[in-house]
Amino acid sequence: MKNPFYIRELPFDAPFCNREKEINELVRHGKNRMNVILYSPRRFGKTSLAKRAMSVLSKEMTTTIYMDFMGTTSIDEIAERIAVKTYQYTYAKENLFKKVTRIFSSWRPVLRPDPETGLNITVESVPGRRGRIILEETLQSLGKFSSEAEKGCYIVFDEFQEITEIKDSITIEGIMRSEIQQHNKISYLFIGSRRRVLLDMFNQKKRPFYQSGINYSLNPLNTDILSKFLVEQFHLGNKICPDEIAQKISERVHGYPYYVQKIAYFIYELSGKKITENDYYNAFKLLLESEKPLFEVMIQSLAGQQIALLVALAKEPTGVPFSAAYMSKHQLGSIGGVQGAIKKLISLDYIEKSQNIFSIVDPIFATWLTLL
Ligand SMILES: Nc1ncnc2c1ncn2[C@@H]1O[C@H](COP(=O)(O)OP(=O)(O)OP(=O)(O)O)[C@@H](O)[C@H]1O
Ligand SMILES: [Mg+2]
């Protein structure tokens, strides 16, 4: 029997836990042509949720295109991603593809056979088109393309905060905002996992995107609903998961969808017909082991004091990180250093301040830090 849990990206038809309210709300905003800023810590299910909303909207004939800005390093690359995704989306629809070729005049499609996917579609810019001009033209092309779409467009910009890492990012934000605000047949969904960085883009008065959408926070999955989901999935996989163990898993990972899938995946592999506490503990160890390389990368480029603060907060969340007692107990060095570390760690979304307490965002990362 196939393992019913997923470690990699969730396929469209895979069982999805709850999120009905969220899908409905996103779909409604999409239909109303509102722009939405969807944010949460990493691995909460933003991308999966956006894809579900896209799937509902596309059944209703809205043109839905997903674009991911992770790893973009220049203004030209942003324009290129927008163009290539639009070409890729329309390729299977002959008339639309011709239309895009006509409208996106700054970019030519390049089609090459690909042994894996059958066809690889990339784009090439026309000579002389670079920098802000090509971004403006590409967004204008997207606007024109959408104005001809009968039911409008739903465009998802995933990992949108990444554009702030690019040199001249404020210029890029400015260009994007001034073009996007003219796109009245497009609803944009801006997604990001570095919450402070993304929210600052949309909520700081001086920033171009100021107040240009609805802030939409995605919460973790409700642990009771999640436990039921787990029991059902194990049942579909022909195994029995007692309610208490399902509840334990859901609570231990604070309702994080990614960790739930992963730990359940390991449990399924380890267990017999009926899941035991021991399976849960062994799977938890495997989970920690499998996340270790990523956690190591996360702290690799941090300064010693920043790591010391992370470890301190993992062991002891606090409302008073600057108090002499806390600083000396955890050997945190100078106040200035701790202030700088807090700012940096919040911008990376490694720590958060909630109800006046600073703590580590990711519960599994926190466990790993306490073992350092
Ligand atoms: N509602 C859900 N039901 C079941 N599993 C889910 C659900 N939402 C997300 N997942 C699981 O969590 C994993 C992470 O989800 P996803 O990639 O959508 O999160 P994300 O918030 O976009 O993460 P990142 O911030 O890293 O981009 C998915 O691969 C899937 O296995
Ligand atoms: Mg994502």
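When a ligand or atom number is given, it counts from 1 through the structure's own listing order.
Aromatic ring orientation, Phe97 versus Tyr91: perpendicular (interplanar angle above 60°, classes split at 30° and 60°). Taking the six-membered ring where tryptophan is involved, the planes of His330 and Tyr326 are tilted, since the angle between them lies from 30° to 60°. Between Phe209 and Phe160, the angle of the ring planes goes over 60°, which puts this pair in the perpendicular group of the 30/60° scheme.
Applying the 4.0 Å criterion to heavy atoms of Tyr6 picks out, from ligand 1, the atoms 31 (O). Close approach to Ser193 involves these atoms of ligand 1, each under 4.0 Å from a residue heavy atom: 25 (O). Those atoms of ligand 1 with a heavy atom of Arg19 less than 4.0 angstrom away are 1 (N). Taking a cut-off of under 4.0 Å to the non-hydrogen atoms of Glu159, the atoms of ligand 1 that pass are 27 (O). For ligand 1, the atoms sitting less than 4.0 Å from at least one non-hydrogen atom of Arg43 are 19 (O), 20 (P), 21 (O), 23 (O), 24 (P), 25 (O), 26 (O), numbered in the order shown with element in parentheses. Shown in contact with Arg8 at under 4.0 Å from a heavy atom are these atoms of ligand 1, numbered in order with element: 29 (O). Atoms of ligand 1 lying under 4.0 Å from any heavy atom of Tyr258, numbered from 1 in the order shown and given with element: 12 (O), 13 (C), 14 (C).
The closest approach between any non-hydrogen atom of Lys51 and ligand 1 is not below 4.0 Å. A heavy-atom separation below 4.0 Å is not found between Lys262 and ligand 1.
Nearest approach of Ala308 to Gln331, heavy atoms of both residues: CB-O, 4.4 Å. Of all heavy-atom pairs spanning Thr122 and Val84, the tightest one is CA-CG2, 3.7 Å.
On a distance-only criterion, Glu9 and ligand 1 share no N/O pair closer than 3.5 Å. Any N or O atom pair closer than 3.5 Å counts here, and Phe229 shares no such pair with ligand 1. Looking at ligand 1, you won't find any N or O of Pro15 less than 3.5 Å from one of its N or O atoms.
One of the N, O or S atoms belonging to Thr47 lies under 2.8 Å away from the Mg ion (ligand 2).
Side chains of Tyr210 and Gln204: a donor-acceptor N/O pair is absent below 3.5 angstrom, by distance only.
Of the charged side-chain nitrogens involved, at least one lies within less than 4.0 Å of a carboxylate oxygen, so that Arg102 and Glu148 count as a salt-bridged pair.
Within the 4.0 Å heavy-atom criterion, the part of Gln261 lying near ligand 1 is the side chain and not the backbone.
Geometrically, Arg52 engages Phe16 in a cation-pi contact, judged by NZ or CZ lying under 6.0 Å from the ring centre and within 45° of the ring axis. Remark: Lys93 is positioned above the aromatic ring of Tyr89, its terminal NZ or CZ atom under 6.0 angstrom from the ring centre and at most 45 degrees off the axis.
Ranking protein heavy atoms by distance to atom 26 (O) of ligand 1, first place goes to Arg42 NH2, 2.7 Å. Annotation: atom 19 (O) of ligand 1 to nearest protein heavy atom, Gly45 N, 2.9 Å.
Between His235 and Lys239 the shortest side-chain heavy-atom distance does not fall below 4.5 Å.
The 12-atom threshold is not exceeded at NZ of Lys59, counting heavy atoms of other residues, nucleotides or ligands nearer than 6.0 Å.
Considering only non-hydrogen atoms, atom 16 (P) of ligand 1 lies nearest to Ser48 out of Ala264, Ser48, Pro257.
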